[in-house]
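Data first, discussion second: the structure below is written as C-alpha cells.
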Number of protein chains: 2
Amino acid sequence: MMKRKTTAQWRTAFNAAGLRLTRQRLLICRELEGRRDHPDVERLYRAVKPRLKQISVFTVYRTMNALENAGLAWRVATWRGHARYDANVETHGHFLCEKCGRIDDLDGGSVGAGFAAFAAAKGTVHRVEVKLSGECDACLAGARALPQEA
Amino acid sequence: MMKRKTTAQWRTAFNAAGLRLTRQRLLICRELEGRRDHPDVERLYRAVKPRLKQISVFTVYRTMNALENAGLAWRVATWRGHARYDANVETHGHFLCEKCGRIDDLDGGSVGAGFAAFAAAKGTVHRVEVKLSGECDACLAGARALPQEA
DNA sequence: TTATGTGCAAAGGGTTTGCCTATAC
DNA sequence: GTATAGGCAAACCCTTTGCACATAA
C-alpha cells in the first residue's frame, strides 16, 4: 500500500536529494501520490494548474525528471509517446491496457509468483514482461568498450 | 532459447499477418533475430544498409511497427529516447543497464522466481519491474467512458 | 544573499506521415 | 494488374534547453 508523505517528509526527501521544496513541486508530488492512474505530464499539469495558475508544463517536465533522478517517483510506462509516472517506488508491477492506456498496480506480493493469474482478473493479458534495471557488470568495472557503441 | 526462422517461415508469418515479405523486411528480421543486443532502429539500419544500399531508415521504422503489430517482434525497452527491439516474443525478462544501455535477456524460467538473484550476476539491480499488458476489462466490455479521458 | 527553480520561447530529436514510384503476389 | 511497400521530405509532438526573473534556504 502506498503511503502519502507529509509536507515535512517531502521537504526532507527533497533536501536529502539536494533539491528545494517549491510550491510547484509540492503540489505536483501531492497530486501524483494521490492518484492511482499513473498520470502523464499533461494530466498532472491540468490537475495542478487550477491551484497554481502561473505554473507551466515545462516545470512539470523538469519536476518529474528531478523526482525520478532522486528516486522519489518512477516513470513506469510509456503509452502513445507519453511517459507515465508513479510515486510508489516500492517493487510492484503494472497492468497496462494497450487499448485505453489504463495502468493498474499489481501488488508487490504478486511479483514473482502467480501474477499472470492475478492480472487475468484485470483483463486479457497479451504480454508479460519482467524488467530489471540498474548498472551492468561491465559498467561497474568501468569498462572502456561500451557494448552499445560496438 | 531463440530459434531463427527460415525464409519460408518468415514469409508464412508475414502472410498470416496480411503482410508481404519484401527484401527489406526479410533483411531486417534476419538481422534482428541474429542479435542479442536488442538494437534500436538506427543500429538495425546501419547493419542492414551495406547489404541493401537503397534502404532508408524510414522503412526500418515502418517495418518495426509492422513487426510489433503482427506480434513478430517486441519493443522491449526505451533507452535515451530510442526504442529497443527483440525478435524473441516468448515470455522472458530483460536486464537494462541504465548507464550504457546494454540489455540482456533473462531466461523465461527465471521469470516468476528468483530473478533478482539471477540478475544480480549481471550487475547491480536498482529497480525491479513487472509489466503485464493486454486489454483491460473495461475495454473488453466496450466501456464508453475511457479511464484515460477522465 | 546566492544558488536553485520557474516561466517562457525556441530548439531538439526520435518517429510518423503524405505522396509518388516500385514491387510482391 | 492491383494493392501493398519503399523512398524521400516534411511534419509531428513530446520533451529539453537557454535565458532572465523569481524564490527557497
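Computed from a predicted model, the values in this text were never measured in an experiment. To find a chain, count down the sequence lines: A is the first, B the second, and so on, and within it residues start at 1. As a basis for the values below, the full set of heavy atoms in this structure was taken, side chains included, without hydrogen atoms, waters or symmetry mates.
- Using a 4.0 Å cut-off between a side-chain N of Lys or Arg and a carboxylate O of Asp or Glu, A:Glu31 and A:Arg51 qualify as a salt bridge.
- Between the P atom of D:dA5 and the CD atom of B:Gln54 lies a distance of 16 Å, rounded to the nearest Å.
- Across residues 64-76 of chain A, A:Asn65 each have a non-hydrogen atom less than 4.0 Å from an atom of DNA chain D (numbered order).
- Fit an axis to the five pairs at each end of the helix from C:dT1-D:dA25 to C:dC25-D:dG1 and the two axes sit 50° apart, to the nearest 10 degrees.
- With rounding to whole Å, A:Tyr45 atom OH is found 17 Å from D:dC13 atom C1'.
- Using a 4.5 Å cut-off on side-chain heavy atoms (C-beta onward), B:Arg102 and A:Asp137 make contact.
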* To do: Report the C-alpha distance between B:Thr22 and B:Phe14 in whole Å, list the side-chain angles of each, state the deciding distance to 0.1 Å, and finish with yes or no for side-chain contact (heavy atoms from CB on, under 4.5 Å).
  => CA-CA 10 Å; B:Thr22 64; B:Phe14 271 98; over 6 Å; no
* To do: Kindly determine whether B:Leu96 and B:His38 satisfy side-chain contact (heavy atoms from CB on, under 4.5 Å), including the steps that lead there.
  => CA-CA 10 Å; B:Leu96 164 68; B:His38 308 82; over 6 Å; no
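- Nearest-nucleotide positions on DNA chain C place A:Leu19 closer to the 5' end than the other of A:Leu19 and B:Asp40.
- Closest approach to the B:Phe58 side chain among D:dA9, D:dG6, D:dA25 is made by D:dA9 (side chain taken as heavy atoms from C-beta onward).
- The phosphate of D:dA5 has neither OP1 nor OP2 within less than 4.0 Å of any side-chain N or O from B:Thr59.
- The side-chain heavy atoms of A:Thr59 and A:Tyr45, taken from C-beta on, include no pair separated by under 4.5 Å.
- D:dT15 atom P lies 6 Å from atom NE2 of A:His82, rounded to whole Å.
- Atom CZ of A:Arg11 is separated from atom P of D:dA24 by 9 Å (rounded to the nearest Å).
- Among the heavy atoms of the strands, none lies under 4.0 Å from B:Glu42.
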* For the pair A:Gln24 and A:Arg62, evaluate side-chain contact (heavy atoms from CB on, under 4.5 Å) and give the outcome as yes or no after the intermediate values. => CA-CA 11 Å; A:Gln24 291 88 335; A:Arg62 274 194 272 229; over 6 Å; no
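- A salt bridge is absent between A:Arg75 and B:Glu98; no separation between the charged side-chain nitrogens and carboxylate oxygens falls under 4.0 Å.
- One atom, CZ of A:Arg25, and another, P of D:dA22, lie 18 Å apart when rounded to the nearest Å.
- In this structure, CG of B:Leu52 is placed 16 Å from P of D:dA5, rounded to the nearest angstrom.
- Looking at A:Val60 and A:Glu42, their side chains never come closer than 4.5 Å, going by heavy atoms from C-beta outward.
- Protein atom CZ of B:Phe14 is 14 Å distant from nucleotide atom C1' of D:dG6, rounded to whole Å.
- First and last contacts of DNA chain C with chain B, using any nucleotide atom under 4.0 Å from a protein heavy atom and ordered 5' to 3', fall at C:dG14 to C:dC25.
- OP1 or OP2 of D:dT15 has at least one side-chain nitrogen or oxygen of A:Tyr61 nearer than 4.0 Å.
- B:Arg4 contributes atom CZ, which lies 12.0 Å from atom CD of B:Gln9 (distance to the nearest 0.5 angstrom).
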* To do: Decide side-chain contact (heavy atoms from CB on, under 4.5 Å) for B:Thr7 and B:Leu21; before the verdict, give the C-alpha distance in whole Å, the side-chain angles of both, and the deciding distance to 0.1 Å.
  => CA-CA 9 Å; B:Thr7 299; B:Leu21 183 65; 4.2 Å; yes
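- A distance of 7.0 Å separates CD in B:Glu68 from CG in B:Asn65, rounded to the nearest 0.5 Å.
- Going from atom NZ of B:Lys49 over to atom C1' of D:dG6 covers 12 Å, rounded to whole Å.
- Within the nucleic acid shown, A:Arg62 comes within 4.0 Å of at least one base atom, counting heavy atoms only.
- With hydrogens and angles ignored, a donor-acceptor pair under 3.5 angstrom links the side chain of B:Arg20 to the base of D:dA3.
- For the pair A:Ile55/A:Leu27, no side-chain contact is recorded, criterion being any heavy-atom separation below 4.5 Å from C-beta on.
- Backbone-only contact: A:Arg23 has heavy atoms under 4.0 Å from sugar-phosphate atoms and none from a base.
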